[in-house]
Every structure is written in C-alpha cells, then in structure tokens.
Amino acid sequence: MITGRRSNLLIVILALLVPATSFGQSRVGTTSATFLTIGTGARGSALGHAYTAVVSGPDALFWNPGAAAIPHMGDYRGGAFFTHHNWFADISYNAAGVTIPISLAGVVGISLASVDYGRMDVRTVSQPDGTGETFTASDMTFGLSYAQALTNSFYFGGTFRYIRQGIRDMSASTGAVDFGFVLVTRYLNGARLAASIMNFGGKMKMDGINGEQPIDIDPANEGSNESIPARIRMDTWDLPLQFKFGIAVPVIKMSNVEFQLLADANQTNDNNLNGDLGAQLRYSTNSVTFEGRVGYKDAFLQQDLVDSHWSFGTGIEVRVAQVRFGFDYAYVPFDFLSDTQMVDFRVYF
C-alpha cells in the first residue's frame, strides 16, 4: 500500500512531467550538435534517461556534473568510465570520463565523447550511384569539470565543454558550459532531487573549403575573370540547450536489496517538454552488486516524433581489494530503425 506521503510525492512528480501546451512556433529540429542529447552510457540509457538524480561517479560528467562529487556506493570518490554504443546505419558512439579527488570535498573530471558516422559515397544529381569518391563525418566533445560537496547532502558542479562537428572538408566548433546540483534528502529512504542545465553556449557555423565556389561577377563582360573565388555565407545554429529536473525515490531499502523509482522532466530548446521514467532493482553483498533496469523515454512526446520508448539493461560490480569493477549492458529496441546495444566498463577507486 502506498502511504499518504508517497501518494503526495507521486502527484508532484506527475505534475512536473505533464507538458504545458505551447502556442508558439515549433523549433523541433532547429539546433546543431544534436549528438549532445544522446544518452551516454548503458546505465542512463537503460533507465530511459531518468538518470539526473541517481547518477554518480565519472558518467555523471555527461548527465549532471554536480553528481560527480557524490561518492559511489558511499565510499568511492574517484573513477573511470568507458562506453561503446552500436547505433543503426553503422554509426558508433564512444565516450570516456575520469574523476579524480583533489580535496576532501572536491573532484575534477575529464570527459570525451565522439560519434563516427562512417565512410559514405559522394553522390551528385548527375551521378546518383556515386562518383567514386568517399567522405566521412564525425562529432566530438571534450569537457573539463569540477564538482564539490557544499554540505553533507548538497552537491554542485560545472563543466566547460568544447564541441566540434565535421563533414567532409567542412567543420564547426564552439564552447559551452553545463551546471548541475543534487540534494540528498532525509525523507523517503533518502530521496534525491536534482537539476541540470546542459549545453549553454555559443552557436555553430560550418566553414571550410567546400563553402567556396568560383563565380563570374560580371558575366556580361567576356573579358572578366570567370573564376573568382567566393565563399558561401553559412547560417549559425544554436546548441541543444537542455533543462532537466529529476527525482529518485528508494521505495524499498533493506540491507541487501534496494528498489528505486526515477523520473525526469526534460525540456530542450528544439523540442517539447517531455518526461523520462525509470526503475532499478539492486542486490548487494560485500563483494558483488547486481542491478536490473528498465526505462520509458519521451513519455509525453507525440508518437510520430518518437521511434523508441522502452529500454532495458543490467549491470554487475565486483569488489577486488579496495577497487570496484563494473560492467553494464543496455538494449534499446526501435520500431523502424535497427535496435541499439550499449556496453560500459567502469572502475572505482
């Protein structure tokens, strides 16, 4: 039976996640560097991206930098993390992060993520089957972070991020910052409240040799230069600014078993307000921890804008001496695109 206090909390969560009606012009699909909104890691992806409040350790650098200062499992303040995603159309996503304690309350973090779209054929209107040439496209972000425990229950942090996108001989780059906090309460078995602002920064503008074209500025004059180099003026595009508010509630918390319910409200400047939901069951002993996860992403977006809602995953951690090693797996089924699998490796010290 759900107690009155938990019923009130559930009502608050649902109220936060119900999207308000928007009467303005839609900005869906109007930002650059949308790879920044990809869920990094098998843990957060398996939980349907409802990860803002429960994340800790090095993968917090990609979700909520304030949570990087929270000791993992209550003891481990340093760690390293690597993830590999196999996406559809031979697209691969790789990311890594490291957190290093530098004081009793603070940690610094380094993070790197890249997307490889593979090698593609150059096609033109006159040669739709290909010209024989190929090109590549890739995205990359590099971040430096600092997080600190301001009190025994309040954690805050920030990240400065460099972002670059490239396709063939064109590229764009800019800088951005992330901020986040986590509050660990004394209520409901230690429920957590968290919020983050991600990708607050400059605009992206493509530039490169492919933007140059030879022109004749005076075609009526036969004696003029017909190949004066000119550069096409490119538009600038905003980054996908994200606002997230999350809550994590351990509805069952015993010595060896913990069951958590998670919810995030997620608003970006190029999409509608939506909600992400997740649940996690953890079984722990002194040396081994096993977790099962399920998530439901984009709960309130229009069905025609979403190709996948559900996600599933599992993870295991093993303690060896004073170090913990972890392996995580996530599976995300898609309705029209190929299903996606993700694998994490992490170590805590």
*Between the side chain of Asp178 and the main-chain N/O of Thr159, is any donor-acceptor distance below 3.5 Å?*
no
_Point-to-point distance, once rounded to the nearest 0.5 Å, from CG of Asn210 to CG of Asp169_ = 4.5 Å
*If we only count heavy atoms from C-beta on, is the Pro65 to Met198 side-chain gap below 4.5 Å?*
yes
*Quick check: does any side chain N or O of Asp339 sit under 3.5 Å from a backbone N or O of Phe334, one acting as donor and the other as acceptor?*
yes
*Please test Arg168 against Glu133 for side-chain contact (heavy atoms from CB on, under 4.5 Å), starting from the C-alpha separation and ending with a verdict.*
CA-CA 11 Å; Arg168 204 175 183 184; Glu133 297 178 281; 3.5 Å; yes
*Ile209, CD1 atom: more than 12 neighbouring heavy atoms under 6.0 Å*: no
*asked:* With a 3.5 Å distance limit and no angle check, can you tell me whether Glu317 reaches the backbone of Thr289 through a side-chain donor-acceptor pair?
replied: no
*Given side chains that start at C-beta, do those of Met342 and Val332 come closer than 4.5 Å, heavy atoms only?*
yes
_Donor-acceptor pair, side chain of His85 and main chain of Gln341, under 3.5 angstrom_ = no
*Sequence neighbours left out, what pairs pass ring pair (Phe, Tyr, Trp, His ring centres under 6.0 Å) with at least one residue falling in residues 31-81?*
His49-Trp63, Tyr51-Trp63, His72-Tyr348
*So, for Pro240 and Thr31, which heavy atoms are closest and what is the spacing to 0.1 Å?*
CB-OG1, 3.8 Å
*Report yes if the side chains of Leu281 and Val257 come closer than 4.5 Å at any heavy-atom pair, otherwise no.*
yes
_From CA spacing to verdict: salt bridge (charged side-chain N to carboxylate O under 4.0 Å, His left out), Asp75, Arg324_ = CA-CA 10 Å; Asp75 296 317; Arg324 291 182 72 92; over 6 Å; no
_Under a 3.5 Å distance rule, please check whether Asp121 uses its side chain to pair with a backbone N or O of Thr134 as donor and acceptor._
no
*asked:* What I'd like to find out is whether the side chain of Asp270 reaches to under 4.5 Å of the side chain of Thr37, using heavy atoms alone.
replied: no
*How about Asp207 and Arg231: do any of their side-chain heavy atoms sit closer than 4.5 Å?*
yes
*Residues in salt bridge (charged side-chain N to carboxylate O under 4.0 Å, His left out) with Arg77, at least two apart?*
none
*How many angstroms lie between atom CD1 of Ile163 and atom CG of Leu239, to the nearest 0.5 angstrom?*
4.5 Å
*Quick check: does any side chain N or O of Ser45 sit under 3.5 Å from a backbone N or O of Gly39, one acting as donor and the other as acceptor?*
yes
_Intermediate values then yes/no, side chain to side chain donor-acceptor pair (under 3.5 Å), Thr83 and Asp344_ = CA-CA 4 Å; Thr83 185; Asp344 293 356; 2.5 Å; yes
*Under 6.0 Å from the CG atom of Asn256, do we count more than 12 heavy atoms belonging to anything else shown?*
yes
*Would you please name every residue forming a ring-ring contact (aromatic ring centres under 6.0 Å, His included) with Tyr162, sequence neighbours left out?*
none
Review item, side-chain donor-acceptor pairs of residues 90-99, under 3.5 Å, at least two apart:
unit_1 : atom_1 : unit_2 : atom_2 : d
Tyr93  : OH     : Thr40  : OG1    : 2.7
Asn94  : OD1    : His84  : ND1    : 2.7
Thr99  : OG1    : Gly79  : N      : 3.2

_Test log, rule side-chain contact (heavy atoms from CB on, under 4.5 Å), inputs Lys244 and Asn64_ = CA-CA 9 Å; Lys244 281 195 169 189; Asn64 181 353; over 6 Å; no
_Stepwise side-chain contact (heavy atoms from CB on, under 4.5 Å) check, Ser171 with Arg164_ = CA-CA 7 Å; Ser171 65; Arg164 185 184 186 277; 3.3 Å; yes
*Check Gln242 against Thr268 and note the closest heavy-atom contact, atom names and distance.*
CG-CG2, 3.3 Å
*Which is it for Val55 and Arg43 under the side-chain contact (heavy atoms from CB on, under 4.5 Å) test, yes or no, and what are the steps along the way?*
CA-CA 9 Å; Val55 65; Arg43 271 188 172 176; over 6 Å; no
*Which ILVMFWY residues can you reach from Phe327 by hopping between side chains whose heavy atoms are under 4.5 Å apart?*
Val288, Ile316, Val318, Val320, Val323, Phe325, Phe345, Val347
*Run the numbers on Arg346 and Asp59 for salt bridge (charged side-chain N to carboxylate O under 4.0 Å, His left out), then give the verdict.*
CA-CA 9 Å; Arg346 59 190 74 227; Asp59 54 339; 3.2 Å; yes
*Shortest non-hydrogen separation from Thr185 to Ala191 and the atoms involved*: OG1-O, 2.7 Å
_Can you confirm whether Phe200 is buried at CZ, in the sense that more than 12 heavy atoms of other residues, nucleotides or ligands lie under 6.0 Å from that atom?_
no
*asked:* Could you check whether any side-chain N or O of Asn269 sits under 3.5 Å from a backbone N or O of Leu241, counting only pairs where one atom can act as donor and the other as acceptor?
replied: yes
*For residues 140-159, pull every pair meeting ring pair (Phe, Tyr, Trp, His ring centres under 6.0 Å), keeping only residues two or more places apart or in separate chains.*
Phe154-Phe181
